[in-house]
2 protein chains.
Amino acid sequence: MGTTQLESVPEPKYWHLRTVLSEALDSEFSVGEILPNERDLAARFGVARATLRQALEQLELEGRLQRRRGVGTTVAPPRVGVSVGTEQHAWPGTVGDDWQPADCRLEAASASVADALEIRHDELVHTVRRSRVTHGQPVAAELLYVPQSSVPALPAIDAPSGAARARAVLRELQRLELEGQDNAVELGSARADDAKQLDRLPGAPVLVVTTRFLTAGRTAALSVATYRADTCRLTFGDSGGVEIHQAPERRAS
Amino acid sequence: MGTTQLESVPEPKYWHLRTVLSEALDSEFSVGEILPNERDLAARFGVARATLRQALEQLELEGRLQRRRGVGTTVAPPRVGVSVGTEQHAWPGTVGDDWQPADCRLEAASASVADALEIRHDELVHTVRRSRVTHGQPVAAELLYVPQSSVPALPAIDAPSGAARARAVLRELQRLELEGQDNAVELGSARADDAKQLDRLPGAPVLVVTTRFLTAGRTAALSVATYRADTCRLTFGDSGGVEIHQAPERRAS
DNA sequence: GAGTGGTCTAGACCACAGG
DNA sequence: CTGTGGTCTAGACCACTCA
């Protein structure tokens, strides 16, 4: 990071700074390396700390940097590709997936969940919490909604709640014939509980994957999975498991 | 938006403010309505304008608000669902898709594009620019990379560049047999040119969809499509065109 | 020209990690 | 304890839209 001056240009300082830093990351830093702290960097480029932070935020959003309070700013490794919906005709909880059931509660559906499941707004749904871990890092938190009517044979007091109960619900689900599923992806911000599970601050950008599991013309279950947007690249493999290996396209200006 | 005071809580002010505003949006505002300006809102909640803006940024990221310089802040309509990869065994440019070819140039591939296409780094590729319009709004900008070797029969001087040339490349591509494709989705920020095409500022959050088109064991084309993250929900329909109609799950804390 | 959101500054204090 | 990033303030000026 040779230069110390920012020439006067019509484009915003933070954006220009982002570009300069991005190039410096490519050429002068390696993965895991720690950057100078924000106050030093701001002074070095002759800008206010807030302006520098705006540039760093961009780079963090793009998965180039990782910032941790009390520690520092480090160069992030390339995003990990996590496959979504590849197990296309498989229920959640099928052996071999890397989801880990954490909890299960039986509660009333929220309005939007009830709509998606096409059930009455007061019907109870099993709400299974799972988390997905890849390469030792938590990448996603999921809420899986299973209406009582989808698993009528579930033993009543097998276990009142907890991971064991979650596994029982998933087991029951697999007895149904899965006809299809549809996925949607959108940008969101982490709720406080998801954020904790993902080791991020509340409001961190996440990719929300909503999956409906269809069976016999109705929606048997609804999954809302929250992926860390900074570290994840979601892959939808439609071509028999071919994997993309190279780094993602750089989005630099 | 009745209250004027923010009680002291352990959570950040901007986050609490986001929640308060989000609830106000649900109950007291309708789509398209204009909010009070930022200076007034900040005063009303007793915070600095920067803090208020942090809350507004969150809500804009979540697709709840739309801000336009010189105009104001309005309540955004629900995100539009745009299907991606539903035309699963179809080449880009097939009749019926809502992409509009804009330009085509023949240039050397960048390193990452060449890697994805598995070609030499100095091979020339046709670079087709297209834009996608839904409901009258631009939702995506795409760069489609087609190596010369994928369309060897392309008439040499059909048209040197421009939309006509783009259509010619797409036409040639459709003569190949498409074996499959794989998609990846990740978060990015809009480059200056994409931003202009999408009617956003540089750095705006976008969902980057990377698609490889496979034929006879090799990658015949690569598409990098940039969707507005604030207004779009990407749908991956694997279930025969069933559509999700209800509003997305609210990500409120 | 008046009013909006977008950028930027120079400070302050807080929450957290680590020695 | 020190050092880090996270939050917050109270200003200023700029770029843009629209009447």
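Atoms considered below: every heavy atom in the structure, side chains included; atoms not considered: hydrogens, waters and symmetry mates. Just so it is clear: chains get the letters A, B, ... in the order the sequence lines come, proteins before strands, and each one is counted from 1.
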(request) Only counting residues at least two apart or in another chain, list the ones meeting side-chain contact (heavy atoms from CB on, under 4.5 Å) with Thr73(B). (result) Leu35(B), Leu65(B), Arg67(B)
(message) I'd like to check the side-chain contact (heavy atoms from CB on, under 4.5 Å) partners of Val31(B); sequence neighbours left out, ordered by chain and number.
(response)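 Partners of Val31(B) under the side-chain contact (heavy atoms from CB on, under 4.5 Å) test: Pro77(B), Pro78(B).
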(message) Using the salt bridge (Lys or Arg N to Asp or Glu O under 4.0 Å) criterion, which residues pair with Arg69(B)? Sequence neighbours excluded.
(response) none
(request) Not counting sequence neighbours, which residues clear salt bridge (Lys or Arg N to Asp or Glu O under 4.0 Å) with Arg49(B)? List them please. (result)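 Per chain and number, Arg49(B) pairs via salt bridge (Lys or Arg N to Asp or Glu O under 4.0 Å) with Glu38(B).
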(message) Does the protein touch nucleotides 1-11 of chain D at the base, only the backbone, or not at all? Give it as B, S and - per nucleotide, heavy atoms under 4.0 Å.
(response) --BBBBBSB--
Review item, side-chain donor-acceptor pairs of residues 196-207 of chain A, under 3.5 Å, at least two apart:
from	atom 1	to	atom 2	distance (Å)
Gln197(A)	OE1	Arg129(A)	NH1	2.6
Arg200(A)	NH1	Asp230(A)	OD2	3.0

